[in-house]
Amino acid sequence: MAATPLVELHDVTKRYGAGPLVLDRVSLVAAPGDFISLIGPSGCGKSTLLRLIAGLSPASAGTLQLDGRTPEQAAAELAFVFQEPTLLPWLTVASNVALPQQLRGLSPADRAATSRRVLDLVRLGDRAAAYPRQLSGGQKMRVSIARALSLSPKILLLDEPFGALDEMTREHLNEELLAIRQQQAWTAFFVTHSVAEAVFLSNRIVVMAASPGRIHTEITVPLTYPRTAATRLSREYHDLVAEVSRILRSVESAAA
Amino acid sequence: MSKRLLQILLPAATGVIFILAWYALRFSMNEEMQFLLPTPGEIIASFRDNGDSLARAALNTTEGALLGFAGAIVVSAGLALTLSLSSLIRISLYPYLMMLQMIPVIIFAPILILWVGPGLKSVVVITFLICFFPLVVNTTQGLISTDRNSVELFRMYRASRLQEIFLLRAPAALPYFFTGLRIAAVLAPIGALVGDYTAGSSAGDGGGLGFQAIIYSSQAKYPALFATAAVTCVLGFVFVGVVVGLSWLALHHWHDSYERTDT
């Protein structure tokens, strides 16, 4: 696939002040439509990498381009899903989802239509008037994803969004996320600790190593989309999970 | 027995025991000392005899308490916003804010009388000073305790500074603000009373409960003094009650402190 790269990282290095190297010369190119999982031992800088792409933190060296622009300039194309749902508890579900549009200065009428559309997308259309505390953990995360999708981003950055959820909920949300991606063409960077999740979701898995954080290996996942619950039962899927687990273990034991 | 019934019966029972103990104490005293502790009945009777002066005084004190309280809310909100902007501003101003709280009203009152004159103005200033500190400290704490992820969310969407303050920091600070407001609501009537006692004036019927207390005490109207204390308590309950109600209105939809539990 020779599509023009959407995200281009070249020798990106990150160091906080005079502290140790957090990321060491990371180079990575993402084509439109890629779903890239970042996986690795704690301290490998995978969340930091995500924050750099998001423009939440500047790179110390190297170049980082989104659609040919800096993360600052490309802010409108980006959405970030945090580890916690990060909903504002005093706003209803609908208002939470409409928040990015509100911050952009869109009219209430436009906001309402978009909020309804993305809430339907995450199957929470009937909870629009609820407050976050009335929702389950999985529902809160779905609202958080709906909010991220509300501005139709080109690049979706997800920092372990399902880490705190139980296995069943996590699997359902993985399937939903892929189903949504069938309808909306965004490129995803997905930080996770779960090999199974990474294999299920991505077409590319980037395994990172720690101290200093760097890219260790990249694995291509040849499973075809759409992937469903049945995908998890396939031989190919299990072999891939085993292989990625083996690589991850070798990275972790090298660090230990 | 239902919990709701207990919530009414228990305090009522405590009250009855308390009043019985009161009468017991009073009638165990020497006859010539009994004037020191009027019975609840005598206190209620004194309401009848001093109704006009008490009502007028209560109204004046309410006015002073309300104005000082409202002023403290407005000024503390502005100052808390300023303080929340930078830790340098906080470090520079905090010691002086604490000093403001530590100034003894009794010493400050005569100076205040010279500055703004006795009566309502002095009462308002003293109430303001007493209410101000808990409000500004709590609201500032609320404004700087915003969830870090939420702040980053706002930065991600390139929210303006004003959007960040009014759509995120201010609502997130509301529970803290109401904590300060409850403390200030308890203090406001007391502040107005002390202000009135030390810097009040009877000019133009302007005396409040503090001033009235001085008069009753000079006239040896001890039951009326107890009645004055009771009126002040009621005033305090009204202030706190209104604040509790407002707090409920603002927070019950979403804040964990109003989470319904089924126990």
Side-chain angles (χ1 to χ4, degrees), chain A residues 47 50-58 71-93 95-106 111 129-135 140-141 143-144 147-148 150-151 153 155-161 164, chain B residues 77 80-81 84 87 138-139 141-182 243-263:
Chain A
S47 290
L50 212 60
R51 295 172 53 83
L52 293 188
I53 300 172
L56 285 173
S57 168
E72 281 284 317
Q73 294 164 330
E77 322 282 5
L78 284 167
F80 200 102
V81 178
F82 293 89
Q83 208 162 348
E84 288 87 39
T86 319
L87 304 176
L88 304 185
W90 55 87
L91 295 182
T92 60
V93 164
S95 303
N96 263 291
V97 169
L99 182 72
Q101 304 172 72
Q102 189 181 3
L103 295 177
R104 284 279 152 80
L106 284 129
R111 281 186 237 158
Y131 285 87
R133 75 166 183 199
Q134 297 168 291
L135 305 181
K140 282 182 200 162
M141 212 61 232
V143 175
S144 185
R147 179 181 61 195
S150 65
L151 290 178
I155 302 163
L156 193 58
L157 307 166
L158 305 104
D159 187 5
E160 271 190 74
Chain B
L81 260 181
S84 74
S87 61
N138 278 289
T139 309
Q141 191 60 37
L143 287 170
I144 62 174
S145 301
T146 319
D147 169 53
R148 212 174 54 97
N149 277 336
S150 302
V151 174
E152 292 208 321
L153 181 79
F154 272 62
R155 304 251 155 103
M156 268 296 303
Y157 290 112
R158 302 294 180 270
S160 69
R161 192 77 198 176
L162 280 181
Q163 284 177 323
E164 188 181 315
I165 289 172
F166 288 105
L167 295 178
L168 177 62
R169 291 192 184 272
L174 272 183
Y176 293 81
F177 166 73
F178 277 109
T179 303
L181 201 62
R182 275 186 209 207
V243 167
V244 167
L246 287 176
S247 167
W248 183 85
L249 276 179
L251 303 179
H252 80 280
H253 292 298
W254 61 275
H255 197 250
D256 286 342
S257 59
Y258 290 94
E259 187 86 75
R260 255 177 246 115
T261 46
D262 294 328
T263 48

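Quick caveat: nothing in here was measured; it's all calculated off a predicted structure. First the proteins, then the strands, lettered A, B, ... as listed; each starts at 1.
When heavy atoms are compared at a cutoff of 4.5 Å, A/Gln102 approaches chain B by way of both its backbone and its side chain. Residue contact with chain A, scored on non-hydrogen atoms closer than 4.5 Å, involves the backbone and the side chain of B/Leu168 alike. Looking at B/Leu167, both its backbone and its side chain come within 4.5 Å of chain A, counting heavy atoms on both sides. At a 4.5 Å heavy-atom cutoff, the contact between A/Glu72 and chain B is made by backbone and side-chain atoms alike. For chain B, the nearby part of A/Pro71 is the backbone; its heavy atoms alone come within less than 4.5 Å. With a 4.5 Å cut-off on non-hydrogen atoms, A/Arg51 touches chain B through its side chain but not through its backbone. Residue B/Ala172 touches chain A through both its backbone and its side chain, counting heavy-atom pairs closer than 4.5 Å.
Using cut-offs of 30° and 60° for the angle between ring planes, the B/Trp254 and A/Trp90 rings count as perpendicular.
Annotation: the span from B/Met156 atom CE to A/Leu151 atom CG amounts to 10.0 Å, rounded to 0.5 Å. Atom OH of B/Tyr157 and atom CG of A/Leu99 lie 8.5 Å apart (nearest 0.5 Å). Atoms NE2 and OH, from B/His255 and A/Tyr131 in turn, are 14.0 Å apart once rounded to the nearest 0.5 Å. The structure places CG of A/Leu78 at 8.0 Å from CZ of B/Arg158, a figure rounded to the nearest 0.5 Å. Here the OH-CZ distance, from B/Tyr258 to A/Arg133, works out to 10.5 Å after rounding to the nearest 0.5 Å. Rounded to the nearest 0.5 Å, atoms CZ (B/Arg155) and CG (A/Leu103) are 12.5 Å apart.
Considering only heavy atoms from C-beta on, A/Phe80 stays 4.5 Å or farther from B/Glu152 through its side chain.
Taking every heavy atom of both residues into account, A/Glu84 and B/Asn149 meet most closely at OE1-ND2, 2.7 Å.
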